[in-house]
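To keep things clear, I will list the structure first and then write my remarks on it.
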Amino acid sequence: MTKRSSYHHLPVSELQNAATPFYYYDLDLLHRTLDEIRRHTAGLPCRVHYAVKANGNPRILKEIASQGWLGTDLVSGGEIQAALDAGFKAREMTYSGVGKTDREIRLGLTHDIGCFNVESIPELEVINAIAGEMGKVANVAIRTNPDIDAHTHKYITTGTADNKFGIPIEMLDHVVGQAIAMPNIHLKGLHFHIGSQITTMQPYVMLCETANRLMDHFDAMGIHFEMVNVGGGLGIDYEHPDENEIPDFAQYFGVFKRLLKLRDGQLLHFELGRAIVGQCGTLISHVTYVKENRGKKFVILDAGMSDLIRPALYGARHLVQNMTTTPGDNSSLEHYEIVGPMCESSDVFAGDCLLPETRRGDLMAIRSAGAYGESMASCYNMRPLPASMFSE
Ligand SMILES: *Cc1c(COP(=O)(O)O)cnc(C)c1O
C-alpha cells in the first residue's frame, strides 16, 4: 500500500511550470481555519482581530476582510492603510507598537480607529496632545507586561519583565490614573500580548489569572474596563502541517471561556496572526544544484533567506518536501542540508533533512510558511520579492 502523499493538496503539475520562488496559498484551508475560529468563539462576547503583520498580502487581507466578522491588529501606519484598503472597519482596528510616530497616531485618529494599545507614558501623553489638536478623543488600552514567560524563542517572547513591550504591572496604577485624567483619552481597558508560537496552554492560564487579579484590583478602586484584550500568539504545528492543519481552537478559546472572569457587558479581544494564516502558505522553489562537500550533501534552492527569514532569524524549523519524487517512496532516502543561494552562512532552511534522492530541477515545498514569511521578505542581495499564487 502506498503511503498517502503528505502534499496531495498541492497542484504539483500546475506549480511545476511557474517561475520560482513564490508563495502558494491554499484559500480553502484559510477559510476552514476561520470557520473553526468562528465556531469556537460562538457565544463568547468577543472579537477576533487578525494580526496583519503575519501576512499583509492584499489578497489574503481581502479574503479575511470579506468574512465581515474579524477586526485587525496593526503595528504601523502602513498596516492601518493596508487594512483600510482591504475593507476592514476602522473602529475594529487595534494599533500596537512601542514606537508609534506622530504621523501614524494622526492617521489612526483621522480614521477613528477602535483602540490604541499604549505601551508607555510618553506615548500616552503624545496621543492625548495630538487628539486634543485634532478635536478628538482617542480610545486607548494600556498594554500590560504581565511578566509571563511563554517559553518560546527569545526573539518572540514579549511578556517578560526585561523586554521593551508594555508597561510593568507595578506601574499600572499610575498609568491608569494618568490616562483617566487626560481629557482627550478614553480608557477602554487592558491589553496583553505575551509572545508568539505558544504551543502549551499554561501561559494562557497564567494570563487569565493575572487579568482576573488586575480587574478585581481596579474594580475595588471603582475603575471598570469595558474591554480586555488578551493578544495572540497561539502556535501552529510546523512538524506535522497535514495532521494538524488547523490549530486546536477548542482548547485555546476553552481556556478563556473557563478561566477569564468577564464582567457584565465586557468585551474580550483576541489578536491572532500565525494561527490564522500559518498553515495555508507554502514557499515553492526549484532545486538549482545538488553539491557535496566532504561527504555532506547540499540541496541549493532558488529560494533564500530573503524570501523566508524565519530559519535564519529564529532558528525556526519548517518541513521541507520534494514534490517531484513519488510521495511515500522511501527507497532512496538521503541526508541533505537544504540551503538558499545567498551570501550568508545562515541562509539554511533545514540542517539535516531526510529526503528521497533529490536532483537539479526538482520542485520543493517549504511548508507552514503563511505567517511571517512573505511579510518579512526583503530584497537583500538585490533579489526580487517573492511572488504569490492562490489556489482559486
Ligand atoms: C504580533 C502580534 C500579534 C500576533 O501574534 P501571533 O503570534 O502571530 O498570533 C498580536 N498582538 C500583538 C500586539 C502583536 O504584536
Side-chain angles (χ1 to χ4, degrees), residues 30 33-34 37 41 46-57 60-61 64 70-76 78-80 82-83 92-100 104 108 113-120 123 140-146 148 150-160 163-167 189-201 203-204 207 211 227-238 246-249 252-253 255-256 268-281 310 313-314 316 368-376:
L30 174 62
T33 304
L34 293 168
I37 294 176
T41 52
C46 75
R47 186 163 64 229
V48 177
H49 299 80
Y50 170 57
V52 166
K53 75 174 184 290
N55 192 321
N57 180 298
I60 298 282
L61 292 186
I64 297 174
L70 292 117
T72 47
D73 172 56
L74 309 158
V75 293
S76 74
E79 286 191 359
I80 294 176
E92 296 174 359
M93 293 179 179
T94 60
Y95 178 19
S96 307
V98 296
K100 302 177 189 79
E104 291 174 313
I113 61 165
C115 197
F116 289 84
N117 293 333
V118 168
E119 311 229 8
S120 68
E123 180 193 333
V140 155
I142 306 297
R143 178 165 181 177
T144 308
N145 185 325
I148 292 170
H151 298 291
T152 71
H153 190 276
K154 67 174 189 256
Y155 287 177
I156 50 177
T157 295
T158 58
T160 57
N163 78 47
K164 70 177 177 181
F165 295 102
I167 289 171
L190 298 180
H191 170 240
F192 306 87
H193 174 65
I194 55 175
S196 204
Q197 184 53 18
I198 297 169
T199 51
T200 68
M201 291 302 112
Y204 292 118
L207 176 56
M227 181 275 297
V228 54
N229 185 334
V230 293
L234 179 64
I236 61 170
D237 189 342
Y238 282 97
I246 297 176
D248 191 342
F249 290 119
Y252 172 72
F253 291 112
V255 169
F256 297 96
L268 175 57
H269 285 182
F270 295 96
E271 299 168 338
L272 293 172
R274 187 190 315 267
I276 294 176
V277 291
Q279 296 290 27
C280 78
R310 297 188 67 260
L313 186 62
Y314 309 129
S368 313
Y372 307 104
E374 192 179 348
S375 66
M376 284 185 142

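Whatever order the structure lists ligands and atoms in, that order sets their numbers, starting from 1. Keep in mind the model is a prediction, meaning the values are calculated, not measured.
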Of all heavy-atom pairs between A54 and R274, which one has the smallest distance, and what is that distance? CB-N, 4.1 Å
What's the verdict on ring pair (Phe, Tyr, Trp, His ring centres under 6.0 Å) for F270 and Y252, showing C-alpha distance, side-chain angles and the deciding distance? CA-CA 11 Å; F270 295 96; Y252 172 72; 5.8 Å; yes
Proximal candidate to atom 14 (C) of ligand 1 [heavy atom criterion; set E119, K53, H269]: K53
What class does the angle between the rings of Y95 and F116 fall in, given that below 30° is parallel, 30 to 60° is tilted and above 60° is perpendicular? tilted
Examine A54 against ligand 1 and note whether any of their N/O atoms are separated by less than 3.5 Å. no
I'd like to know if K53 pairs up with E79 as an ion pair, taking the criterion as any Lys NZ or Arg NE/NH1/NH2 lying under 4.0 Å from an Asp or Glu carboxylate oxygen. no
Are side-chain heavy atoms of H191 and C115 found at a separation under 4.5 Å? no
If you count the atoms of ligand 1 from 1 in the order shown, which ones are under 4.0 Å from a heavy atom of A51? 3 (C), 4 (C)
Checking heavy atoms under 4.0 Å, the part of E271 that sits near ligand 1 is both
heavy-atom search around atom 12 (C) of ligand 1 in the protein gives D73 OD2, 3.3 Å
Heavy-atom nearest pair, M93 first then A83, reads CE-CB, 3.6 Å
Under a 4.0 angstrom heavy-atom cut-off, which atoms of ligand 1 come close to R274? 6 (P), 8 (O), 9 (O)
Output the list of atoms in ligand 1 that are nearer than 4.0 Å to some heavy atom of S96, sorted by atom number. 13 (C)
S196, portion touching ligand 1 at heavy-atom distance under 4.0 Å: both
Which heavy-atom pair separates I276 from L30 by the least distance, and what is that distance? O-CD1, 3.6 Å
Taking the non-hydrogen atoms of G233, is any one of them nearer than 4.0 angstrom to ligand 1? yes
Is there a heavy atom of Y372 sitting under 4.0 angstrom from any atom of ligand 1? yes
